[in-house]
Engineer: 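For reference, the structure I am asking about is given below.
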Protein chains: 2
Amino acid sequence: MQTRKEILTDELVDYLLEHGLSDLSLRPLADALGTSARLLIYHFESKEGLLTEVLDSMQTRLRQSFGSLVERRAGQSERPLKMFWDWAITDENYPYFKLLYELQILAVQNPAVYGSYLQRNASNWSELIATALPEAERTPAMVTLLGAVFDGLFLELMSTGDRKRTTQAVLQFIQLVDEARAARPASKKKTAKASSTRRG
Amino acid sequence: MQTRKEILTDELVDYLLEHGLSDLSLRPLADALGTSARLLIYHFESKEGLLTEVLDSMQTRLRQSFGSLVERRAGQSERPLKMFWDWAITDENYPYFKLLYELQILAVQNPAVYGSYLQRNASNWSELIATALPEAERTPAMVTLLGAVFDGLFLELMSTGDRKRTTQAVLQFIQLVDEARAARPASKKKTAKASSTRRG
DNA sequence: CTTGACATGTAACGAACGTTACATGTAACG
DNA sequence: CGTTACATGTAACGTTCGTTACATGTCAAG
């Protein structure tokens with residue numbers, strides 16, 4: 001059974017996904033949910049407590065969505081970066097990343113207020129993908145670059161809304177990596193191991 | 001001669017560079033500058049007017065700094081992306097970009113309030129660099145990717161403060177582009193034109 | 001010396017903020 | 001039926017917000 005607080009939390013997550021958190025205020029928020037500021041404080045102790053629980057719930061939701069992606073992909077051999085990108089820019093998941101990036105930036109300028117809500121940033125998501133890189137390429141520089149390509153393109157997507165062009169840029173990066181591999185000498189040991197698995 | 005307002009504007013830019021704008025408030029700001037909220041409104045009409053003028057002045061400052069970079073580099077043939085990166089992460093210029101990215105993100109979630117202050121975003125800076133790309137590579141996807149690499153790495157730098165690793169990632173990207181070029185067949189016309197100029 | 005433009009100080013306005021006090025419903029359980 | 005825990009409504013607290021009213025300095029030009 002779902003407690004009143006859990007129901008509220010779900011609705012609050014949806015509200016935050018839509019309105020962001022830079023100008024969050026209890027009374028308009030309560031009005032939008034058909035409740036009162038009084039009730040929000042009653043259930044969450046304070047605004048800070050509310051944000052803690054709601055943002056935590058939000059990140060849990062996103063991780064669940066990611067979990068189901070991993071299940072679905074299972075046997076497929078599509079490029080991990082492309083797959084992650086397509087998943088992230090889905091109508092369903094896009095608002096989550098948008099909120100995470102807002103949180104990230106607010107934490108940079110005001111760590112005392114927002115830093116505590118930041119469990120893991122979006123870059124850490126990309127590190128998951130980095131595990132799909134061949135070991136020889138899994139250097140800090142390459143992992144950082146991979147994460148940055150995702151972060152930067154998502155930022156561009158948020159600003160311009162241009163899914164087509166940003167997705168093309170993802171493919172451009174993958175192609176770049178492929179071409180660079182072709183230009184390098186084949187790796188010394190077991191060059192053909194799992195040769196059919198495409199990475200990048 | 002500098003008017004009182006211009007002096008104030010300069011001090012205000014410095015204040016914004018240090019404190020960001022997500023929780024800007026007139027009274028603390030005035031206190032920090034040794035003046036009063038009354039005076040700020042007197043000179044700038046309103047908080048909005050103040051932000052308009054101060055952010056405008058801020059972007060002007062940054063463009064001037066960029067201008068002097070262009071002058072200094074003149075004959076050099078270092079990689080444009082690396083040069084731009086080194087310039088941006090300077091102690092002097094870093095805060096400007098930090099503020100610009102905060103502005104950018106705030107504008108995404110709250111365009112009605114912050115959108116008007118955004119003349120050009122940092123990506124547009126990168127488009128300047130893109131002009132250094134060989135024409136054949138100056139596709140929308142490649143230009144977008146180039147801008148995203150800068151944006152993403154700067155975001156990572158802001159979050160972690162790790163200049164070394166992020167700079168290595170810049171170099172990693174440049175190397176990737178170089179290797180990819182090596183893997184492609186030489187361009188059909190005038191392959192050797194300005195062959196000594198290194199790009200990327 | 002007077003005028004007038006610029007600059008400033010003091011104090012307050014109304015609105016919104018997060019939070020709290022206090023009283024009251026609702027509904028399951030003994 | 002009475003008790004108890006959860007939920008809610010109304011109203012206010014003290015603070016801060018952007019902004020304004022009104023009076024007063026400063027100082028060069030006439």
Side-chain angles (χ1 to χ4, degrees), chain A residues 1-16 18-58 102-103 106-107 109-117, chain B residues 1-16 18-58 102-103 106-107 109-117:
Chain A
M1 173 226 174
Q2 235 187 165
T3 95
R4 186 69 245 264
K5 186 175 172 180
E6 287 168 344
I7 297 175
L8 270 179
T9 302
D10 275 354
E11 294 174 341
L12 285 167
V13 170
D14 289 334
Y15 183 91
L16 275 199
E18 188 178 344
H19 297 85
L21 37 80
S22 64
D23 59 347
L24 185 70
S25 177
L26 289 187
R27 263 170 272 238
L29 188 157
D31 286 351
L33 267 60
T35 176
S36 67
R38 166 72 185 78
L39 259 289
L40 295 178
I41 295 291
Y42 170 73
H43 283 294
F44 299 96
E45 310 284 339
S46 65
K47 187 186 180 182
E48 184 185 333
L50 184 149
L51 277 178
T52 301
E53 298 207 35
V54 172
L55 288 176
D56 192 75
S57 170
M58 184 270 280
E102 185 188 9
L103 180 54
L106 289 177
Q109 293 272 17
N110 213 333
V113 179
Y114 296 100
S116 53
Y117 307 129
Chain B
M1 173 224 173
Q2 235 186 164
T3 95
R4 186 71 246 264
K5 187 175 172 179
E6 289 169 343
I7 297 174
L8 270 178
T9 303
D10 275 354
E11 295 174 340
L12 285 168
V13 170
D14 289 334
Y15 182 91
L16 274 199
E18 187 178 345
H19 296 85
L21 35 80
S22 64
D23 59 348
L24 185 70
S25 177
L26 288 188
R27 263 170 271 239
L29 189 158
D31 287 351
L33 267 60
T35 177
S36 66
R38 165 74 184 78
L39 258 290
L40 296 178
I41 295 291
Y42 169 73
H43 283 295
F44 299 96
E45 309 285 338
S46 65
K47 187 186 180 184
E48 183 185 333
L50 184 149
L51 277 179
T52 301
E53 298 208 35
V54 172
L55 288 176
D56 194 74
S57 169
M58 184 269 281
E102 184 188 9
L103 181 54
L106 289 177
Q109 292 272 16
N110 213 333
V113 179
Y114 296 100
S116 53
Y117 306 130

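The chains referred to below are lettered A, B, ... by the order of the sequence lines, with proteins before strands, and numbering in each begins at 1.
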Engineer: Among D:dT20, C:dA7, C:dG18, find the nucleotide with the atom closest to the side chain of B:His43.
Structural biologist: C:dA7
Engineer: Over how many whole Å does the gap from B:Leu50 atom CG to D:dT19 atom C1' extend?
Structural biologist: 13 Å
Engineer: May I have the distance from B:Ile41 (atom CD1) to C:dC13 (atom P), rounded to whole angstrom?
Structural biologist: 18 Å
Engineer: With heavy-atom distances below 4.5 Å as the criterion, would you say the side chains of B:Leu24 and B:Leu51 are in contact?
Structural biologist: yes
Engineer: Which parts of residues 18-26 of chain B get close to DNA chain D, meaning a heavy atom less than 4.0 angstrom away?
Structural biologist: B:Leu24, B:Ser25, B:Leu26
Engineer: Using side-chain heavy atoms (C-beta onward) and a distance below 4.5 Å, is A:Arg4 in contact with A:Leu8?
Structural biologist: yes
Engineer: Check the interface with nucleotides 22-25 of chain D: list each N/O to N/O pair with the protein under 3.5 Å, or write none.
Structural biologist:
{"from": "D:dC22", "atom 1": "N4", "to": "B:Arg38", "atom 2": "NH2", "distance (Å)": "3.4"}

Engineer: Report the distance from atom CD of B:Glu6 to atom C1' of C:dC6, rounded to the nearest whole Å.
Structural biologist: 15 Å
Engineer: Any side-chain heavy atom of A:Lys5 within less than 4.5 Å of one from A:Phe44?
Structural biologist: yes
Engineer: Quick check: do A:Tyr117 and A:Leu21 have side-chain heavy atoms less than 4.5 Å from each other?
Structural biologist: no
Engineer: Nearest-Å distance, OH (A:Tyr42) to P (C:dT24)?
Structural biologist: 17 Å
Engineer: Please determine, for D:dT26, whether a Watson-Crick or G-U wobble partner exists with both distances under 3.5 Å, and give it or none.
Structural biologist: C:dA5
Engineer: If you check the A:Lys47 side chain, which of C:dT8, D:dT19, C:dG18 turns out closest?
Structural biologist: C:dG18
Engineer: Out of C:dT8, C:dC17, D:dG9, which has the shortest distance to the side chain of A:Ser36?
Structural biologist: D:dG9
Engineer: Are the side chains of A:Asp14 and A:Glu18 in touch, meaning some heavy atoms are under 4.5 Å apart?
Structural biologist: no
Engineer: Return the value, rounded to whole Å, for the distance between atom CZ of B:Phe44 and atom P of D:dG18.
Structural biologist: 15 Å
Engineer: Rounded to whole angstrom units, what separation is found between the CG atom of A:Leu33 and the C1' atom of D:dT8?
Structural biologist: 15 Å
Engineer: What does C:dA16 pair with, Watson-Crick or G-U, if both distances are under 3.5 Å?
Structural biologist: D:dT15
Engineer: Would you please classify the geometry between the A:Tyr15 ring and the A:His19 ring as parallel, tilted or perpendicular, with 30° and 60° separating the classes?
Structural biologist: parallel
Engineer: With sequence neighbours excluded, tell me which residues meet side-chain hydrogen bond (donor to acceptor under 3.5 Å, both in side chains) with B:Ser22.
Structural biologist: B:Glu102
Engineer: Using side-chain heavy atoms (C-beta onward) and a distance below 4.5 Å, is A:Leu106 in contact with A:Val113?
Structural biologist: no
Engineer: Map A:Glu45 and A:Pro28 onto DNA chain C by nearest heavy atom, then report which one ends up closer to the 5' terminus.
Structural biologist: A:Pro28
Engineer: In whole angstrom, what separates A:Arg4's CZ from C:dT26's C1'?
Structural biologist: 14 Å
Engineer: Select one nucleotide: of D:dG9, C:dC17, C:dC6, the one nearest the side-chain heavy atoms of A:Leu39.
Structural biologist: D:dG9
